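First the structure, in the form of structure tokens, and then the observations on it.
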There are 2 protein chains.
Amino acid sequence: MATIYQVSERAGVSLATVSRVMNGSAKVGEATRNKVLQAMQELNYRPNSIAQSLASNCSNSVGMLVSEVHGPFFGEMMSGVENELRSVGKHVIIAAGHSDVESEKDAIEFLISRKCDALILHVDAVSDEYLLELNKQTPVVVLNRHVAGMDENCICLNNELGGYLATKAMLDLGHQQIAYISGPLFKLDVRERLAGHKRALQEAGRAFDEGLFVEGDFHEAGGVAAMEQLLKHKQPFSAVVCANDEMACGAMNCARDHQLDIPADVSIMGFDNVIISRYTFPHLSTIDFPAGEMGRMAARWVRKHIYQDDKLKVQNLFEPSLVLRDSVSRR
Amino acid sequence: MATIYQVSERAGVSLATVSRVMNGSAKVGEATRNKVLQAMQELNYRPNSIAQSLASNCSNSVGMLVSEVHGPFFGEMMSGVENELRSVGKHVIIAAGHSDVESEKDAIEFLISRKCDALILHVDAVSDEYLLELNKQTPVVVLNRHVAGMDENCICLNNELGGYLATKAMLDLGHQQIAYISGPLFKLDVRERLAGHKRALQEAGRAFDEGLFVEGDFHEAGGVAAMEQLLKHKQPFSAVVCANDEMACGAMNCARDHQLDIPADVSIMGFDNVIISRYTFPHLSTIDFPAGEMGRMAARWVRKHIYQDDKLKVQNLFEPSLVLRDSVSRR
DNA sequence: TTGAAAGCGGTACCAC
DNA sequence: GTGGTACCGCTTTCAA
């Protein structure tokens with residue numbers, strides 16, 4: 001592999017000049033530039049990115065931490081990030097945090113040791129304080145989580161609005177008794193979605209009813225259990241709004257096991273619009289979570305603030321939207 | 001950030017010695033080692049991985065190319081790779097090839113420019129010759145594709161067996177007329193799966209019937225179209241074996257649109273066991289593709305051959321297995 | 001066992 | 001505009 005030194009020799013110029021034409025950093029005479037370019041061609045020269053990183057103190061890499069590398073949700077996000085970043089020659093190093101404090105910190109530590117220029121994080125275990133502290137040490141952008149004090153670094157979804165839209169859709173369809181299967185309430189976005197649900201209810205002049213509320217776990221089994229519980233209560237309802245698609249699937253399966261027809265007997269709504277929602281039967285109505293777009297935006301944040309792509313605009317808040325499919329019907 | 005130089009100064013030893021204790025490379029006196037370790041502690045020293053890479057000519061990174069970063073299948077694979085590699089301090093750089101020749105070559109070029117120590121590839125557009133040539137230049141391990149001439153570098157699934165198991169299961173359930181919806185025949189694994197299907201038929205003394213065969217595209221819409229075609233032909237069948245889960249979903253949806261009950265009227269089998277197969281209704285029977293395990297094994301190959309983890313064993317061929325769920329029934 | 005020093009392949013500042 | 005050169009932080013002979 002040819003080095004910059006051999007190129008300079010062949011072109012009959014200095015190292016510095018070769019470096020200049022590579023980076024287009026300073027003015028180089030037309031003739032000189034061409035000599036260098038040609039020498040590069042002839043030697044099939046490829047810059048050594050490691051050496052560049054060491055000398056420039058910039059690794060051209062950004063670390064991305066997700067809860068799980070598999071999982072449709074994160075796939076979309078990573079895909080958005082990869083796309084945006086590779087188009088400008090940066091690379092993304094992935095790591096999984098598994099929603100566990102130690103594991104998340106470990107992964108972040110790892111990414112830092114790799115000298116990432118910035119970190120894109122989707123974390124739910126570490127504390128806000130930790131993130132605030134981390135952000136002093138290395139640039140961080142946080143996905144789907146608002147951390148007070150680093151607002152500019154957060155790319156969020158308006159979860160409250162999502163919760164609102166979901167329930168509002170049911171109300172608009174004429175449903176009066178709407179059950180709600182929530183996610184784990186220690187998560188902020190879960191509480192926001194719930195708040196949206198309550199706002200829709202209130203706007204319609206209906207009271208929030210504890211008897212129609214269950215806290216789930218975001219997994220399918222949790223959806224089954226929650227539905228089971230709702231059914232056992234014998235408090236009537238014609239619609240169920242779930243805080244994510246997995247639980248909605250569980251709820252549908254459970255309802256079916258109880259000989260209930262969907263959507264004739266009960267309408268079901270999910271949240272996230274992950275790929276599986278298009279494959280359920282009946283196809284699940286849900287709230288679209290633009291994970292890919294948000295990932296892309298996180299990458300854009302990095303481009304703008306770390307790689308000085310100043311003209312770029314970043315959007316910190318995204319809006320969810322309603323996706324109506326077959327799991328809901330008019331009451 | 002402290003450097004090795006400051007550590008050496010503080011410990012009152014030379015640079016070289018510090019380096020030695022970091023790498024455990026050569027014998028270092030107990031006392032000296034402790035002095036160094038302590039100095040590191042006190043300075044909160046973290047080695048600069050970029051500098052290490054430059055000096056050692058080893059980037060400790062491996063590139064992973066998948067068709068799409070999203071998509072459950074690749075998620076599992078990447079997850080396996082990430083897990084295995086991070087546990088030994090290596091990092092994985094991801095890129096997407098989008099099943100397009102130029103795009104795949106681009107991504108590989110990109111990964112090489114990042115000085116990856118090895119490449120783990122899931123590609124379907126580039127040719128065998130290209131891969132062979134590439135492998136001379138940089139270590140490559142190929143996932144789910146057998147390239148003659150670099151057998152040791154391929155981690156494959158016994159697709160033929162998978163195809164066999166799928167059809168065999170239908171035969172065992174008493175089905176006589178079994179339709180087959182294939183993937184794009186230009187892909188090797190597709191032809192292998194088909195070969196397995198034929199073998200099962202033959203063993204049962206049944207002839208392969210062109211009228212019950214359709215070439216699909218691996219997507220849901222293709223599954224719908226294929227099923228539509230089968231139904232139009234009016235040639236009777238009681239079971240459909242599909243070359244992947246997406247098409248199986250399409251086939252199920254289409255059948256349902258034609259008022260056919262699954263599995264009472266027609267049994268359906270998929271292939272891959274991606275996450276969606278657990279969410280369809282009825283739950284899809286399928287052939288398990290251990291994508292995560294295979295990704296992990298690819299990573300192990302790299303550990304063994306590139307990072308000299310000699311005792312590791314690598315398994316080049318994986319066996320698929322039958323997963324029976326609700327979409328099939330006895331005839 | 002330990003130290004000195006020559007790289008690894010670039011970047012960037014300072015002269016000219 | 002171009003060249004000289006001191007780093008960037010670590011690895012790895014080669015001697016001692």
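Throughout, a chain's letter reflects where its sequence line sits, starting with A, and its residues are numbered from 1. Here the structure is a predicted model, which is why all the values come from computation and not from measurement.
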Nucleotide C:dT1, atom C1' - distance to CG of B:Asn34 in whole Å: 15 Å
A:Tyr5 OH to C:dT11 C1', straight-line distance once rounded to whole Å: 17 Å
Residue B:Ala51, side-chain heavy atoms: nucleotide from D:dT12, D:dC10, D:dG1 that is nearest: D:dC10
Nearest-nucleotide 5' precedence on DNA chain C, B:Ala31 against A:Tyr45: B:Ala31
Positive for side-chain contact (heavy atoms from CB on, under 4.5 Å) with B:Ile50, one of A:Gln52, A:Lys115, A:Arg114: A:Lys115
Comparing A:Arg33 and A:Ser56 on DNA chain D - which has the more 5′ nearest nucleotide: A:Arg33
Sugar-phosphate, base or nothing in reach of A:Asn48, heavy atoms under 4.0 Å: sugar-phosphate
Minimal non-hydrogen separation, B:Leu317 against B:Leu157, with atom names: CD1-C, 3.9 Å
Rounded distance (Å) that lies between atom C1' of C:dG7 and atom CD of A:Gln6: 14 Å
Whole angstrom value for the distance that separates P of C:dC13 from CG of A:Asn57: 13 Å
Whole-Å distance separating the CG atom of A:Leu15 from the P atom of C:dC13: 16 Å
Rounded distance in Å - CD (A:Gln52) to P (D:dC8): 18 Å
Sugar-phosphate only, base, or nothing, as touched by A:Arg46 at under 4.0 Å among non-hydrogen atoms: sugar-phosphate
Sugar-phosphate only, base, or nothing, as touched by A:Thr32 at under 4.0 Å among non-hydrogen atoms: sugar-phosphate
Verdict with supporting geometry, A:Glu42 and A:Gln38, side chain to side chain donor-acceptor pair (under 3.5 Å): CA-CA 6 Å; A:Glu42 293 171 359; A:Gln38 188 180 345; 2.9 Å; yes
Closest non-hydrogen atom pair between A:Lys313 and A:Arg300, with its separation: O-CD, 3.8 Å
Atom-to-atom span, CE of A:Met1 to C1' of C:dG9 - whole angstrom: 12 Å
Sugar-phosphate only, base, or nothing, as touched by A:Thr3 at under 4.0 Å among non-hydrogen atoms: sugar-phosphate
Contact check, side chains of B:Asn44 and B:Arg46, non-hydrogen atoms, under 4.5 Å: yes
Distance below 4.0 Å between B:Thr17 side-chain N/O and C:dG3 OP1 or OP2: yes
Nucleotide nearest A:Ala55 (side chain, heavy atoms from C-beta), chosen from D:dT12, D:dC8, C:dT1: D:dC8
From D:dG3, C:dT2, D:dT2, nucleotide with atom closest to B:Arg20 side chain: C:dT2
Phosphate OP1/OP2 of C:dG10 contacted by A:Ser19 side-chain N/O (<4.0 Å): no
Sugar-phosphate, base or nothing in reach of A:Val18, heavy atoms under 4.0 Å: nothing
Side-chain N or O of B:Ser14 closer than 4.0 Å to phosphate OP1/OP2 of C:dT2: no
Residues B:Arg145 and B:Asp124 bridged, charged N to O under 4.0 Å: no
Interatomic distance where CD1 belongs to B:Ile50 and P belongs to D:dC10 [whole Å]: 11 Å
Proximal nucleotide (of C:dG10, C:dG9, D:dT12) relative to the B:Leu54 side chain: C:dG9
